[in-house]
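Computation of the quantities below employed the complete heavy-atom set of this structure, encompassing side-chain atoms and omitting hydrogens, waters and symmetry-equivalent molecules. Each chain gets a letter, A, B and so on, in the order the sequences are listed, and its residues count up from 1.
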Protein chains: 2
Amino acid sequence: MTAKTRSRGTSDKPTSFDIAARAGVSQPTVSRALRGDPTVSAATRMRIEAIAHQLNYKVDKNASSLRRGQTMTLALLFFEDPLPDGTYINPFFLSMLGSILRTCAARGYDLLTSFQHLSADWHMDYEDSRKADGIILLGYGDYEVYKARLEALRAQGTHFVRWGAVDPDGLATTIGSDNIAGGRAAGEHLIARGRRRVAFIGQADDHYPEFRDRYHGMAQALRAAGLAVDPGLHADSLSVEQGGYDAMQRLLVRGIPFDALFAASDLIALGAMRALAEAGLRVPADVSVVGFDDIPAAATTQPSLTTVAQDYRLAGEVLVDTLLRRIADQPTQASLLLPRLVVRGSS
Amino acid sequence: MTAKTRSRGTSDKPTSFDIAARAGVSQPTVSRALRGDPTVSAATRMRIEAIAHQLNYKVDKNASSLRRGQTMTLALLFFEDPLPDGTYINPFFLSMLGSILRTCAARGYDLLTSFQHLSADWHMDYEDSRKADGIILLGYGDYEVYKARLEALRAQGTHFVRWGAVDPDGLATTIGSDNIAGGRAAGEHLIARGRRRVAFIGQADDHYPEFRDRYHGMAQALRAAGLAVDPGLHADSLSVEQGGYDAMQRLLVRGIPFDALFAASDLIALGAMRALAEAGLRVPADVSVVGFDDIPAAATTQPSLTTVAQDYRLAGEVLVDTLLRRIADQPTQASLLLPRLVVRGSS
DNA sequence: AAGCGCAAGGCATACGTATTCACGCGACCC
DNA sequence: GGGTCGCGTGAATACGTATGCCTTGCGCTT
């Protein structure tokens with residue numbers, strides 16, 4: 001019994017040495033065979049594969065990652081402003097999670113998932129600690145807060161991509177919807193429905209570039225039609241249902257008349273519609289409502305919600321593929337995905 | 001320059017040897033210091049920690065996992081029956097995801113997420129390939145289909161826990177709600193509201209033990225009150241919104257009168273309420289509706305949905321902690337969590 | 001017939017950490 | 001004052017895989 005041939009109990013996981021011993025070859029040959037190295041003859045490879053399968057042998061990913069310097073794993077980091085319910089995750093991002101999982105699987109990668117609040121320390125050491133080859137950042141939140149973190153990540157040479165407003169300073173790591181075009185489509189739709197006074201709920205300042213762009217797109221459409229953009233019809237809100245509800249109540253208290261609402265997200269729209277219903281206003285008879293995202297609930301609420309759909313499916317694919325190109329040191333570019341207006345009952 | 005002191009470019013990640021060299025100690029001392037081994041003197045440890053922090057040193061988890069034989073990672077596996085939209089994940093499980101993520105983080109574990117259809121091959125080799133120390137299984141679906149897989153997992157000695165109906169054959173790896181008690185609570189509530197003829201939508205057969213138990217709990221309550229359980233008022237449905245919608249339409253076509261609906265899940269309830277509204281029936285005036293799960297949308301739909309809330313927060317904690325006890329070879333037991341009736345506008 | 005080239009696979013080693021064992025040294029005991 | 005103990009640390013090695021380099025054997029060339 002040589003030093004390399006350890007006796008093994010039945011419960012121990014087999015190693016490439018076990019396969020090698022049973023196949024009458026050396027351990028490196030097993031490694032080469034299973035990785036498809038052409039220097040291993042077909043006969044040998046098939047024999048090794050048969051034995052490996054029979055023993056239920058699986059390559060030890062830790063050893064493999066250690067040796068190869070890559071983990072075949074991506075990390076997904078959700079982040080959000082702190083919210084009352086700590087376990088809350090935006091439904092749109094959850095939809096994207098499915099697409100990302102699918103794409104990762106198709107590319108042979110695993111996905112490590114994490115989530116945390118913007119205010120907390122970012123323990124984004126997945127790549128530093130070599131558990132992942134790159135990071136996908138997903139979240140809405142105060143862009144100013146984490147801009148510095150992004151710079152630090154880039155300075156470290158960490159591989160990452162981000163979903164959000166495409167950054168003006170040219171980070172080629174950002175994938176996002178064309179929020180201006182989406183906002184414009186919403187505005188044009190409301191105008192075509194004969195609406196003249198469009199309210200907006202959502203943050204429209206530079207800390208929330210996505211929402212700001214949606215607002216500006218809508219405002220563009222109004223101005224192009226010769227309509228006024230009344231700052232009095234804008235109410236701030238975080239992208240949560242309760243926020244939309246509260247904002248709509250504040251809007252109603254102001255008493256400025258409006259006949260349409262463009263909400264910065266579907267969650268806001270749902271909350272606002274709840275407040276409208278309580279106030280005795282009918283949707284869409286009294287107020288037309290358009291949201292943004294097309295979360296699953298949008299199709300089934302009463303009335304169903306007209307919204308600007310973001311293509312989460314494509315988004316997930318582009319995020320993963322862009323990240324993989326980054327990891328492979330291939331050139332990447334920021335991507336602007338075109339959102340699509342979905343007309344339903346609320347308008 | 002010894003063999004152990006490699007020259008390193010600025011971009012290379014530092015290793016414990018680098019820390020050791022700068023601290024004037026050996027590599028093992030660095031390892032001990034950073035793991036809090038008391039045999040390292042406080043002075044030495046602090047010096048090492050300072051240098052490690054300064055160089056942004058992170059332990060290489062691959063090397064660490066390889067050496068220690070554990071990964072400090074858990075795998076989460078969503079599974080469902082194949083659905084039209086491939087990226088769909090049940091919102092209740094998504095809520096649980098947040099809780100699981102939080103608990104994992106609190107216990108120092110990372111979470112590897114995956115999801116797939118029941119019909120596909122289960123590539124559940126995370127533990128075999130040593131990427132995870134254990135597996136959390138999350139999903140509704142045909143229990144008969146994967147029962148054999150669970151047996152195989154157990155035979156392999158894989159560490160796993162499962163959310164679902166507590167298994168009669170005594171797998172001490174199952175965490176679930178007390179669905180019978182939940183169904184009974186729903187039934188008693190409807191009876192207290194003066195309802196006499198309660199319809200049920202959802203699968204109530206042995207392939208879906210959770211839903212079956214909910215049905216039987218409700219039936220118990222009816223019988224205890226001397227009310228009839230009419231099989232004609234039961235319609236099958238997958239746990240998706242559209243399924244509830246379709247099932248309610250079928251129910252209405254039958255023409256058997258009913259004044260209440262107990263839905264096996266909130267998604268079903270939402271779909272059913274949509275069908276009721278389209279049929280001109282008012283909730284709760286004509287039909288009281290009670291769901292199950294308490295997904296986020298339940299609180300905000302119009303009318304808001306009375307439902308049997310599952311404590312996803314506690315569920316996530318119990319799942320993780322039970323799995324960790326399994327991994328540590330400590331005794332575990334199946335847990336039945338008590339659901340809680342949340343009365344809202346639909347009843 | 002000797003040399004050459006190529007195919008197939010073995011040998012040695014590196015990846016970075018954690019642990020076992022051994023060692024030096026001061027204190028303490030009798 | 002010599003043995004003993006324990007504290008703090010270093011030396012050596014194992015974890016399992018992947019790869020650069022070398023060896024072997026065989027067919028073929030000139």
Base contacts versus sugar-phosphate-only contacts with protein, heavy atoms under 4.0 Å: please encode nucleotides 6-11 of chain C as B, S and - from 5' to 3'.
--SSBB

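Rounded to 10 degrees, the angle separating the terminal axes of the helix from C:dA1-D:dT30 to C:dC30-D:dG1 is 60°, with each axis obtained from five end pairs.
Contact annotation for B:Ser31: base contact, defined as any heavy-atom pair under 4.0 Å involving a base atom.
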Show me the donor-acceptor pairs within less than 3.5 Å that the side chains of residues 36-50 of chain A make with the rest of the protein, sequence neighbours left out.
| residue | atom | partner | partner atom | Å |
| --- | --- | --- | --- | --- |
| A:Asp37 | OD1 | A:Thr39 | N | 2.8 |
| A:Asp37 | OD1 | A:Thr39 | OG1 | 2.9 |
| A:Ser41 | OG | A:Thr44 | N | 3.3 |
| A:Ser41 | OG | A:Thr44 | OG1 | 2.8 |
| A:Arg47 | NH1 | A:Ala23 | O | 2.3 |

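We find that CZ of A:Phe17 is positioned 12 Å from P of C:dA12, with the value rounded to whole Å. D:dT17 atom P lies 13 Å from atom NZ of A:Lys61, rounded to whole Å. Atom C1' of nucleotide C:dA14 and atom CZ of B:Arg67 are separated by 17 Å, given to the nearest angstrom. Following rounding to the nearest Å, A:Leu66 (CG) and C:dT17 (P) show an atom-to-atom distance of 9 Å. A straight line from CG of B:Asn62 to P of D:dT17 spans 14 Å, rounded to a whole angstrom. Put simply, NZ on B:Lys13 is 12 Å from P on C:dT17, counting in whole angstrom units. As rounded to whole Å, 17 Å separates atom P of C:dC15 from atom CD of A:Gln70. What separates CG of A:Asp37 from P of D:dT17 is a distance of 16 Å, to the nearest Å.
Applying the 4.0 Å criterion to OP1 and OP2 of C:dG16, one finds that B:Ser16 has every side-chain N and O outside that range.
Between the side chain of B:Arg68 and the base of C:dA18 there is no donor-acceptor pair of N/O atoms closer than 3.5 Å.
Classification of A:Lys13 and A:Asp60 as a salt-bridged pair fails, no side-chain N sitting under 4.0 Å from a carboxylate O.
Listed by chain and number, the residues in a side chain to side chain donor-acceptor pair (under 3.5 Å) with B:Thr73 are A:Lys131 (sequence neighbours excluded). For B:Ser31, there are no side chain to side chain donor-acceptor pair (under 3.5 Å) partners two or more places apart in sequence or in a different chain. Remark: A:Arg107 pairs with A:Asp321 by the side chain to side chain donor-acceptor pair (under 3.5 Å) rule, at least two apart or across chains.
One distance of note links OG1 of A:Thr174 with CZ of A:Arg162; it measures 4.5 Å at 0.5 Å rounding. To the nearest 0.5 Å, atoms OG1 (A:Thr332) and CG (A:Leu323) are separated by 9.5 Å. The distance from the CD atom of A:Gln27 to the OG atom of A:Ser16 is 4.0 Å, given to the nearest 0.5 Å.
In this structure, B:Val161 and B:Leu137 have side chains that are not in contact, with every pair of non-hydrogen atoms separated by 4.5 Å or more.
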